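This report concerns only the one structure given below.
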Amino acid sequence: MNEIFLSPYNPLSTEQTIYKLWEDSGFFNPDVCIEKGLTAVDADYFSIVLPPPNVTGTLHMGSAYMLALEDIMVRYNRMLGKKTLWIPGTDHAAIATQSKVEKIIQKAEGVNRHDLGREAFLGRVEKFAQESHDTIVDQMKKMGCSLDWSREAFTLDEKRNLAVRTVFKKMYDDGIIYRGHRIVNWDPKGQTTISDDEIVYQEEKTKLYYLTYGPFTIATARPETKFGDKYVVMHPDDTRYTQYSHGEQISLEWISGPITATIIKDESIDMEFGTGVMTITPWHSVVDFEMAERHNLDKEQIIDKYGKLLPIAGEFAGMKIADARKGILEKLKSKGLLTKEEDYVHNIATAERTGGIIEPQIMNQWFIHVNKEFPYPHDNMPHVQKGEMVTLKKLMLSVVENNDIEIIPDRFEKVYTHWIGNLRDWCISRQIWYGHQIPVWYKGDEIYCDVTPPTEPGWEQDADTLDTWFSSGLWSFSTLGWPNTGNSVKGKTGPENDFANYHPTTVLETGYDIIFFWVARMILMSTYTVGQVPFQHVYLHGLVRDTQGRKISKSLGNNIDPVDMIEKYGADAVRMALVIGTGPGNDSKMSEDKLKAYKHFANKIWNITRFVLSNTDNSPLQKQEVPLTDTDQTLLAEFKTLIADIKQDMDTYRFYLAGEKLYGYIWHRFADVIIEESKAKLPDPATAVSTQYMLRYILEKSLVLLHTFMPFIT
RNA sequence: GGGAGAUUAGCUCAGUUGGUAGAGCAACUCGUUUACACCGAGAAGGUCAGAGGUUCGAGUCCUCUAUCUCCCACCA
């Protein structure tokens with residue numbers, strides 16, 4: 001017996017050297033496993049792409065949970081003999097990373113990105129991203145992740161950029177991507193558009209002001225936007241206003257003087273709210289914009305992109321809207337137009353990353369058309385025929401409704417389909433610098449879109465970059481060699497054949513909080529671009545919260561660094577604590593008590609091993625069958641039943657159960673009962689050999705089973 | 001406004017198709033037996049939120065109620 005077993009288990013001193021051994025072995029690379037005869041060339045495959053962590057700093061416990069779950073799946077399938085690929089990578093996270101670096105340089109040097117200029121600023125961002133990347137990779141290795149580092153990817157590297165440009169061009173040619181003046185979510189603070197999903201609503205207590213608008217009374221929470229309102233809208237069935245007809249013009253006195261207003265009848269009006277009459281501001285409200293589109297009404301800009309009032313506001317022009325409100329109210333009051341005000345609670349839209357208050361604006365931006373019909377060009381989707389007229393929405397719905405993709409837990413299928421139902425065109429252009437620049441060039445009125453720039457002089461590239469989720473959406477296939485997959489052959493080894501061998505990926509394992517951001521976008525991109533689902537199963541994990549059940553956030557300062565926990569309790573204990581007791585889709589709380597318990601378990605395993613080795617080391621134990629006592633036969637049969645049970649749990653994604661059963665068996669059955677009873681049987685020549693065989697068998701198999709959960713100690 | 005989830009031992013949470021309630025931590029008693037005190041043995045602790053229903057049998061299925069959490073939409 002190795003004398004290492006004489007002292008308690010020390011994870012810190014062993015984990016790093018063990019990870020090194022794994023890396024040197026090359027077994028995380030499926031090609032090496034095939035070369036060395038560990039995996040059959042024609043074996044089934046199992047593949048996962050790692051949800052790439054944002055290069056905005058360090059990993060948190062939530063990422064550690066994700067890594068633990070995925071490594072468990074990957075090691076399990078690799079041990080089953082499947083060709084197993086787990087691709088590592090990181091995400092440039094465009095706006096998140098840019099705003100983080102902007103904050104850093106603002107604080108440290110008092111400069112903003114415009115002071116530095118595009119090129120110099122991007123240099124800073126790249127340096128920051130590189131440092132974050134290195135930290136994150138180190139953290140992933142400390143967690144014991146069996147990722148194939150030879151295939152590492154970055155959402156903004158050259159290969160992924162080629163994939164982005166290729167998809168953009170294809171969508172542009174198909175009319176799926178279009179440029180147009182449409183209402184978008186403008187963040188005056190970040191000076192960029194953001195998508196609907198990047199909006200965070202915050203409750204605000206304010207006033208609802210009632211204003212006299214000719215013969216009507218209208219209510220508004222934002223008097224500063226009302227300068228240009230020249231349409232007054234009511235429900236066609238509202239009996240209070242039957243004397244007014246659609247299109248009728250009336251003259252009235254408004255904020256800056258007399259105006260002519262037009263009556264509009266629209267069924268979207270809620271007769272119950274306020275007076276049942278409202279004026280509209282199509283340039284700065286999504287709902288009003290849609291109404292204006294329906295009736296072909298004029299739209300006028302009131303607020304500029306810095307959040308300041310335009311000349312239409314008369315003496316208030318140039319003022320920030322928040323500053324102007326008071327003066328505007330006074331003016332309304334003095335003109336006798338303000339009749340009533342009451343307390344009002346509503347939600348205001350803010351930008352997730354900058355906290356800026358969103359001001360809807362009509363702008364010329366790039367969009368992905370989710371409702372445009374086109375003939376489906378691929379012929380390998382089980383429930384969509386080649387040539388069938390589809391939309392991106394239909395594709396996204398079809399694969400989940402037909403179970404081409406299984407979502408675990410299944411209640412999220414409803415969440416997903418409901419979200420698709422409400423989906424609007426996706427605004428993909430961003431006025432930030434860090435990201436994939438849009439592959440479109442302009443010369444006067446001419447537009448040129450291609451994978452490569454135009455060769456003639458005089459063309460200028462669109463300055464905007466793409467929403468970070470555009471490149472993330474391609475992740476399942478951009479990491480597998482696409483678009484250079486022309487010679488990709490199933491059954492042949494090497495990265496050039498990855499697409500044929502490993503796509504669709506087997507499982508996407510990620511947090512339920514990014515089902516819309518990412519899961520849906522990957523489904524959109526993959527079914528459209530390569531005619532395959534991106535993954536066959538989606539396993540959604542919950543959030544890891546702090547001991548008080550709060551969300552981990554920077555402002556609360558309650559982030560636990562997994563590396564600190566690994567140093568204190570060992571990576572194996574961290575993995576067990578994260579995985580056990582938490583089913584898919586459920587949030588969990590991280591407590592040090594739980595970590596301590598699994599560190600003790602690691603030590604228990606250590607001592608079990610020490611006992612078994614010291615009692616079987618010098619025995620003539622061979623691989624061949626040993627005549628077993630009835631007792632030992634029963635014990636082994638019981639153990640084999642457990643293995644079958646655990647295998648079933650593993651196959652049905654119930655890792656939390658499998659881990660708990662292993663824990664319970666090893667500690668409270670094997671150690672507390674079987675080993676205790678063996679102490680009487682070992683010295684007896686009649687039972688010694690059988691007992692030794694039985695102990696050794698259970699120990700070795702237990703370690704194998706436990707390896708997926710606790711790879712280092714086992 | 002729409003939807004989802006939770007409510008089980010003092011605390012944190014498991015409990016897969018309905019069949020005698022489980023784990024970790026904490027607390028209690030005993031034990032320092034040559035794998036382990038990062039241990040073992042034992043005992044204690046729950047009308048499984050409440051009410052009704054289905055069933056031979058319900059924490060598990062159905063209905064309603066209460067409380068909490070989250071997601072989506074966002075009304076001038």
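Computed from heavy atoms alone, side chains included, the values below leave out hydrogens, waters and symmetry copies. In what follows, every chain begins at residue 1, and chains take the letters A, B, ... in the order their sequences are listed. What you are looking at is a predicted structure, and each value in this text was computed from that prediction instead of being measured.
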### Query
So what does the secondary structure string of RNA chain B come out as, 5' to 3', with Watson-Crick or wobble pairs under 3.5 angstrom, [ ] for crossing and | for pairs with another strand?
(((((((..((((.....[..))))..((((.......))))......(((((..]....))))))))))))....
### Message
Nearest heavy atom decides the nucleotide; on that basis, is A:D593 or A:N603 closer to the 5' end of RNA chain B?
### Response
A:D593
### Query
Can you list the residues that meet the side-chain hydrogen bond (donor to acceptor under 3.5 Å, both in side chains) rule with A:E300, with sequence neighbours excluded?
none
### Message
Would you measure the distance from the C1' atom in B:G59 across to the matching atom in B:A14 and give it in whole Å?
### Response
12 Å
### Task
Give the nucleotide from the list B:G24, B:C74, B:A35 with an atom nearest to the side chain of A:A597.
B:G24
### Query
Choosing from B:C74, B:A35, B:C72, which nucleotide comes nearest the side chain of A:F516?
B:C72
### Task
Could you tell me whether the side chain of A:K599 and the main chain of A:G570 form a donor-acceptor pair under 3.5 Å?
no
### Message
Using a 4.0 Å heavy-atom cut-off, does A:A671 contact any base of the nucleic acid, only the sugar-phosphate backbone, or nothing at all?
### Response
base
#### Entry: Residue A:P8, side-chain atoms from C-beta onward, closest of B:C72, B:C38, B:A4
B:C38
### Query
Rounding to the closest angstrom, what is the interatomic distance between B:G46 and B:C13 at atom C1'?
14 Å
### Task
Round to the nearest Å and state the distance from A:D270 atom CG to B:G1 atom P.
12 Å
### Message
Tell me whether A:E592 is salt-bridged to A:K596, with the criterion being a basic N under 4.0 Å from an acidic carboxylate O.
### Response
no
### Spacing of the C1' atoms in B:A21 and B:C48 (rounded, Å)
8 Å
### Message
Roughly how many Å apart are B:G57 and B:G19, using the P atom of each and rounding to a whole number?
### Response
14 Å
### Task
Take atom C1' in B:C68 and the same atom in B:C75, then report the distance between them in whole Å.
28 Å
### Message
In this structure, how many angstroms lie between the C1' atom of B:C39 and the NE2 atom of A:H600, rounded?
### Response
11 Å
### Message
If we count only N and O atoms by modelled type, under 3.5 Å, do the side chains of A:W426 and A:D467 hold a donor and an acceptor together?
### Response
yes
### Message
If I pick the P atom on B:G45 and the same atom on B:G40, what distance separates them, to the nearest angstrom?
### Response
23 Å
#### Entry: Spacing of A:H418 atom NE2 relative to B:G2 atom P, expressed in whole Å
11 Å
### Query
Quick one: does A:W606's side chain have a donor or acceptor within less than 3.5 Å of a partner on A:I713's backbone?
no
### Steps toward salt bridge (charged side-chain N to carboxylate O under 4.0 Å, His left out) verdict (A:K207, A:D343)
CA-CA 5 Å; A:K207 300 278 186 196; A:D343 289 334; 2.7 Å; yes
#### Entry: A:K604 (side chain) and B:C36 (base): donor-acceptor pair under 3.5 Å
yes
### Query
Which of these nucleotides, B:A35, B:G24, B:C39, is closest to any side-chain atom of A:H668?
B:G24
Could you write out each protein N or O paired with an N or O of nucleotides 14-17 of chain B at a distance under 3.5 Å?
{"unit_1": "B:A14", "atom_1": "O5'", "unit_2": "A:G581", "atom_2": "O", "d": "3.1"}
{"unit_1": "B:A14", "atom_1": "O2'", "unit_2": "A:E660", "atom_2": "OE1", "d": "3.2"}
{"unit_1": "B:G15", "atom_1": "OP1", "unit_2": "A:Y656", "atom_2": "OH", "d": "3.2"}
{"unit_1": "B:U16", "atom_1": "O2'", "unit_2": "A:R654", "atom_2": "NH1", "d": "3.0"}
{"unit_1": "B:U16", "atom_1": "O2", "unit_2": "A:R654", "atom_2": "NE", "d": "2.8"}
{"unit_1": "B:U16", "atom_1": "O2", "unit_2": "A:R654", "atom_2": "NH1", "d": "3.1"}
{"unit_1": "B:U16", "atom_1": "O2", "unit_2": "A:R654", "atom_2": "NH2", "d": "2.3"}

### Message
Using atom C1' in both nucleotides, what's the gap between B:U54 and B:C64 to the nearest angstrom?
### Response
15 Å
#### Entry: Separation between the C1' atoms of B:A41 and B:C36, rounded to whole Å
15 Å
### Query
A:R411 side chain: which of B:G5, B:C72, B:C70 is closest?
B:G5
### Task
Tell me yes or no: between the side chains of A:S195 and A:E198, is some donor less than 3.5 Å from an acceptor?
yes
### Query
Does the gap between the ring centers of A:Y663 and A:F709 come in under 6.0 Å?
no
#### Entry: Quiz item: A:N422 side-chain donor-acceptor pair to B:C72 base, under 3.5 Å
no
### Proximity to the side chain of A:R610 - top-ranked nucleotide from B:C36, B:C70, B:C74
B:C36
### Query
With a non-hydrogen cut-off below 4.0 angstrom, is A:E676 in contact with a base, only sugar-phosphate, or nothing?
base
### Summary
note: A:I666, atom CD1; B:C36, atom P; distance rounded to Å ~ 19 Å
### Summary
The residue, A:D197 or A:S268, whose nearest nucleotide of RNA chain B is more 5′ is A:D197
### Query
Short question: side chain of A:Q361, backbone of A:I303 - any donor-acceptor pair under 3.5 Å?
yes
### Task
Using a 4.0 Å heavy-atom cut-off across all strands, classify A:K596 as base, sugar-phosphate, or nothing.
nothing
### Task
Confirm from the modelled atom types if A:E413 and B:A4 form a donor-acceptor pair under 3.5 Å, side chain to base only.
no
### Message
Regarding A:D632 and A:K681, does a basic nitrogen lie under 4.0 Å from an acidic carboxylate oxygen?
### Response
yes
#### Entry: Short side-chain donor-acceptor distance under 3.5 Å, A:N607 and A:Y9
no
